[in-house]
Amino acid sequence: MWVARRFLSLLVKRAQYAGPSGLFCGPQHGSLPELELRYLQCTCCWRSRVPVAGFETLNGTLSSSDPCKDDTDRPLDACYTSEQRDAILQLLNTATMSELAGVKLLRGRKSVNIVEYRTKNGPFKTLESVVKVPLLKHKSAVIVFNSILNPVKKERKVRIQLAKFIRPEVDKSWLEDASSIVSIVCGTNKIAWAHVDRGMTVLEWRQKDCHNFLKGTYLASAYLYDVSSVVALLPSADFYIIEKSPISVQNTTLFPVMAHMRTVEAMLFALLEPKISPEDSNLPPRVLNMMRTAVGRHFGLMVGESRTSGAQTVQQLMTESVTQKLPRINFPQDLLIKHRNSFQMGSRRGGEELCDALLQAVAFYELLSESSSPPVAC
């Protein structure tokens, strides 16, 4: 506000020397017409406006106006009328998760947190109590409240189809709200996963041997034991991305491998996907497939229709993590030390699944970012 006052005082002095044409567009000869009221915006909040049409009242206006206060200093309940507060609280206390998801900023985990919070603590009694919900801070709460009071009417919901690399189809906005994902890749004798957050930081990166895979006669209970033991170790995330192998049923020699992959994939879907009540059927699936060939093309690992090893690419990503200021992906030091020798030529540690899990997570975020680029405004 001090900058605005200083700027206005300079304009007044300049106008006093420049004559009547200083701040107004009017004729220079003869009597001046009635001046049009104009405004200058406050440099603090860019919303408050100070009238500058009358020079004689300008200093009085500045001296009488209070400095702008940050919105976060005002209680949320003081920003709205009683009718507005009642309308906001009515929706937040009665809406289902799917209905809350239709409000701006409440897609994904925020709508779940609201339902969980009011179930545990009772209905919201004040707007200020809403900021106690995880992931809802003061500024985001204001946006939510304004969206409830002034919902944007959309003529048609635009559904961005990420069909090239994601199954089933999921609205882009759900994916953009995800704070982290777990990328899962199944091999012939192990399952690997990489937990990566939205900031492109690896939170967890490991694999587990599954001794019952492709061993003798297929036993559903044995497969279920290995897969469920892996699921018990997986960290919590907004989405679980499972690699979809392109093995064809026409190649009969690979049929046992294909049956193995599909069995493990189906068990992962069943164990990771939560049960959703009919009223929340609009929520997106939590478990998704990502095409292996799409990841290969993204990193240039395809030779014809076959995908080559991604070990060299992962080694390069790990090197860039410590040599570049803004690397493509960030690795904690303990993970770098743990896996620094896992992807060298001739290594017996079997790091292919680890490589593929990490590359799938990186490709997911980068392809999502490319498809989310806003159009250039005219």
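If you read the sequence from its start, that first residue is 1, and numbering goes on from there.
In this pair, Tyr223 and His260 present their aromatic rings perpendicular. The plane angle is above 60°, beyond the 30 to 60° band.
Both Leu136 and Leu149 sit in one connected hydrophobic cluster of ILVMFWY residues. Membership requires side-chain heavy atoms under 4.5 Å apart, directly or through other members. By the criterion of side-chain heavy atoms lying less than 4.5 angstrom apart, applied directly or through intervening Ile, Leu, Val, Met, Phe, Trp or Tyr residues, Leu203 is not grouped with Leu335; the two fall into different hydrophobic clusters. With hydrophobic clusters built from ILVMFWY side chains whose heavy atoms lie under 4.5 angstrom apart, Phe213 shares a cluster with Leu271. Val185 and Met318 are members of different hydrophobic clusters when ILVMFWY side chains are connected at heavy-atom separations under 4.5 Å. Cluster annotation: Val264 and Phe269 are assigned to the same hydrophobic cluster (Ile/Leu/Val/Met/Phe/Trp/Tyr, side-chain heavy-atom contacts under 4.5 Å, transitive).
Residue Leu301 is tested with Leu359, Thr293, Val295 for a side chain to side chain contact (heavy atoms under 4.5 Å, CB included); the sole match is Leu359. With Met290 as the fixed residue, the side chain to side chain contact (heavy atoms under 4.5 Å, CB included) test singles out one of Ile242, Ile241, Ile181: Ile241. Partner of Leu100 under the side chain to side chain contact (heavy atoms under 4.5 Å, CB included) criterion, chosen from Ile114, Val112, Ile148, Asn113: Ile114.
Aromatic ring centres of Phe239 and Phe364: separated by at least 6.0 Å.
Under the 4.0 Å criterion applied to side-chain N and carboxylate O atoms, Arg109 and Glu116 are assigned as salt-bridge partners. Using a 4.0 Å cut-off between charged side-chain N and carboxylate O, Glu243 and Arg292 make a salt bridge. Look at Asp356 and Arg307 and you find a salt bridge, because one of the NZ, NE, NH1 or NH2 atoms lies within 4.0 Å of a carboxylate O, short of that distance. Taking the charged nitrogens against the carboxylate oxygens, Arg198 and Glu176 have no contact shorter than 4.0 Å, which rules out a salt bridge.
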Full working for side chain to side chain contact (heavy atoms under 4.5 Å, CB included) between Val231 and Tyr240: CA-CA 11 Å; Val231 170; Tyr240 295 90; over 6 Å; no
Could you check Val144 against Ile88 for side chain to side chain contact (heavy atoms under 4.5 Å, CB included), going step by step and ending with a plain yes or no? CA-CA 9 Å; Val144 169; Ile88 295 170; over 6 Å; no
How far apart are the C-alpha atoms of Asp177 and Lys110, what are their side-chain angles, what is the distance that settles it, and do they pass the salt bridge (charged side-chain N to carboxylate O under 4.0 Å, His left out) test? CA-CA 9 Å; Asp177 287 341; Lys110 293 186 183 69; 5.6 Å; no
Pair Leu283-Trp174, side chain to side chain contact (heavy atoms under 4.5 Å, CB included): steps then yes or no: CA-CA 9 Å; Leu283 292 177; Trp174 293 101; 3.7 Å; yes
Going through the distances and angles, do Lys137 and Val131 end up as a side chain to side chain contact (heavy atoms under 4.5 Å, CB included)? CA-CA 5 Å; Lys137 302 302 180 183; Val131 297; over 6 Å; no
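Atom CZ of Arg118 is separated from atom CG of Asn93 by 6.5 Å, given to the nearest 0.5 angstrom.
Using modelled atom types and a 3.5 Å distance limit, the side chains of Ser180 and His195 yield a donor-acceptor pair. Counting only N and O atoms by type, the side chains of Ser321 and Asn330 include no donor and acceptor under 3.5 Å apart. A donor atom on one side chain and an acceptor atom on the other are not found under 3.5 Å apart for Gln312 and Gln316. Checking Gln207 against Trp193 by side-chain atom types alone, no donor-acceptor pair falls below 3.5 Å. Side chain to side chain, Asp197 and Tyr365 fail the donor-acceptor criterion of an N or O pair below 3.5 Å.
For the pair Leu76/Thr126, no side-chain contact is recorded, criterion being any heavy-atom separation below 4.5 Å from C-beta on. A heavy-atom distance below 4.5 Å is found between the side chains of Ile184 and Leu272.
Remark: the backbone N or O of Ile143 is not paired with any side-chain donor or acceptor of Ser147 at under 3.5 angstrom. At distances below 3.5 Å, at least one donor-acceptor pair connects side-chain atoms of Glu99 with backbone N or O atoms of Thr96.
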